[in-house]
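The sequence lines fix the lettering, A, B, ..., with proteins before strands; numbering per chain opens at 1.
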2 protein chains.
Amino acid sequence: MVDKKIPDIIIGRLPKYLRSLQRMDREGRLVTSSKEMGERLGISAAQIRKDLSQFGEFGKQGKGYSVPFLIKQLSEILHVNHDWEVAVVGAGDIGSAVAHYKGFANRGFKIVLLFDNDPQRIGTRIGELTIQDYSLLIETIQEKGIKIAIVAVPVTSAQEVTDNLVKAGVKAILSYAPVIINHPQDVYVQYIDPSIHLQRMTYYLD
Amino acid sequence: MVDKKIPDIIIGRLPKYLRSLQRMDREGRLVTSSKEMGERLGISAAQIRKDLSQFGEFGKQGKGYSVPFLIKQLSEILHVNHDWEVAVVGAGDIGSAVAHYKGFANRGFKIVLLFDNDPQRIGTRIGELTIQDYSLLIETIQEKGIKIAIVAVPVTSAQEVTDNLVKAGVKAILSYAPVIINHPQDVYVQYIDPSIHLQRMTYYLD
DNA sequence: CATTGTGAACGGGTTCACAGCA
DNA sequence: TGCTGTGAACCCGTTCACAATG
């Protein structure tokens, strides 16, 4: 294995492999194969083998892959073998749902901060988090050294919030605002926009 | 323009083009170019031109594209020139946030039904919707002829809910449950899983 | 002997570059 | 002149097919 540049499209599949493996693990499966993983994921077995082979020889010929071992390897590759602290900006409906979300457990993330600029909300609690004043965003995030943030604010504020997150040293942003955000090249941004997914499907509906 | 099979990867970009154009429209822009769209979207101008040319000749040489005209064309192509009625299953944190979400307006979708199986929730209201009994899911959806549903239930129920939606005649499903769902070929499924996005970024973080 | 790892072949999506046209 | 539409070239990801091997 050479540590050449891995195409981003492969990186994008690894979390799906990991999620599938963790599910197998919960089902008590100890070993799997590229064929089985492919069937579960709707991906060809050859592609899974080739993707994994970019990072090492994780399988055993004739046997397949050890589920716990592959989980360990993928977790390390994706840097989710330890939890990342995450800040959430916006405590409206989406921010609250994100703050309550149980799905980050065992996936490498823990929400530790929740910000809002509404005086009515600041100081109130959502789950185990107390809503912080947005005006303290930069200093608080800097202080804690947080590198990942989730943006759950209206379209109109998304750019300003992003700018402040970047100033605070955040390097990865997941935004629920349906707008493309300008950001430095060394900051990674991903988007969640349900309408995009729905429109992608309505093309095929009559 | 021949109505040959359009690659799905192109279909996936059209909603992004449409969202960007609607934003320009709100900004009062009347005309744009493939260059400008590309810069906003982080996509090459050539690709945008080639994508659009699959469906017709929408531009004017030397001038560019009319923003309102292109919005109209893309809306028709994606079948979002009229609103689709959407059912939401699950009225927990995610389902509630989806039900409250304003971002479907002008994107072609209107949530008209919200189901849950918790007797405590059934009959209560979320926004303008009254939570319906999940046991009435199939007949209600059939009756209304709803073709699109959003699944916001725990992983453990996602498959069963999907099976019932399919029975009810739903053809497009957007699922927030972090698990791959089995479904007939003539039913389209898309997923939203924030952990997948985050893990895709942590690969690049130290 | 089932299944991996992988070079080679393949296929298709992206970019290039320019003719065409307002 | 400026920008679209598009055939051709290019590039890169996927699939193929089989040697390797526990």
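In this structure, the side-chain contact (heavy atoms from CB on, under 4.5 Å) partners of Y204(B), at least two apart in sequence or on a different chain, are K5(A), D8(A), I11(A), Y188(A). Partners of R49(A) by salt bridge (charged side-chain N to carboxylate O under 4.0 Å, His left out), not counting sequence neighbours: none found. Under the side-chain hydrogen bond (donor to acceptor under 3.5 Å, both in side chains) criterion, D25(B) pairs with no residue, sequence neighbours left out. The side-chain contact (heavy atoms from CB on, under 4.5 Å) check on E128(B) picks up nothing, with sequence neighbours excluded. A search for salt bridge (charged side-chain N to carboxylate O under 4.0 Å, His left out) contacts involving E57(B) returns nothing, not counting sequence neighbours.
At whole-Å resolution of the value, CZ in R13(A) and C1' in dT15(D) are 12 Å apart. The nearest whole Å value for the distance from the CD1 atom in I9(B) to the C1' atom in dT14(D) is 13 Å. In this entry the distance linking CZ of F58(B) with P of dG5(D) reads 9 Å, nearest Å.
In this structure, F58(A) has its ring center at least 6.0 angstrom away from the ring center of F55(A).
Put simply, chain B comes within 4.0 Å of DNA chain C, heavy atom to any atom, from dG13(C) to dA22(C), going 5' to 3'.
The aromatic rings of H82(B) and W84(B) lie tilted to each other, with the angle between the two planes from 30° to 60°.
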Using distance only, find each side-chain donor-acceptor pair of residues 168-181 of chain A under 3.5 Å and give its atom names and separation, not counting sequence neighbours.
| residue | atom | partner | partner atom | Å |
| --- | --- | --- | --- | --- |
| K171(A) | NZ | D186(A) | OD2 | 2.9 |
| S175(A) | OG | A177(A) | N | 3.1 |

Identify all side-chain donor-acceptor contacts of residues 35-44 of chain A below 3.5 Å with residues at least two apart in sequence or on another chain.
| residue | atom | partner | partner atom | Å |
| --- | --- | --- | --- | --- |
| K35(A) | NZ | E39(A) | OE2 | 3.3 |
| E36(A) | OE1 | R29(A) | NH1 | 3.2 |
| E36(A) | OE1 | R29(A) | NH2 | 3.4 |
| E36(A) | OE1 | T32(A) | OG1 | 2.4 |
| E36(A) | OE2 | R29(A) | NH1 | 2.4 |
| R40(A) | NH1 | E27(A) | OE1 | 3.4 |
| R40(A) | NH2 | E27(A) | OE1 | 2.8 |
| S44(A) | OG | Q47(A) | N | 3.1 |

Would you list the atom pairs, donor with acceptor, under 3.5 Å between side chains in residues 85-99 of chain B and any protein atom, with sequence neighbours excluded?
| residue | atom | partner | partner atom | Å |
| --- | --- | --- | --- | --- |
| D93(B) | OD1 | H100(A) | ND1 | 3.4 |
| S96(B) | OG | A91(B) | O | 3.2 |
| S96(B) | OG | G92(B) | O | 2.7 |

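When the nucleotides dT4(D), dG13(D), dA20(D) are ranked by their closest atom to the side chain of Q61(A), dA20(D) comes out on top.
Axis orientation changes by 20° from one end of the helix from dC1(C)-dG22(D) to dA22(C)-dT1(D) to the other, with each end axis drawn from 5 pairs and the value rounded to 10°.
When each of G62(A) and I10(A) is assigned the nucleotide of DNA chain D with its nearest heavy atom, I10(A) is the one assigned upstream, toward the 5' end.
Within residues 34-51 of chain A, the residues having any heavy atom closer than 4.0 Å to DNA chain C are, in order of number, S34(A), R49(A), K50(A).
A side chain to side chain donor-acceptor pair (under 3.5 Å) check over residues 142-157 of chain B, counting only residues at least two apart or in different chains, returns nothing.
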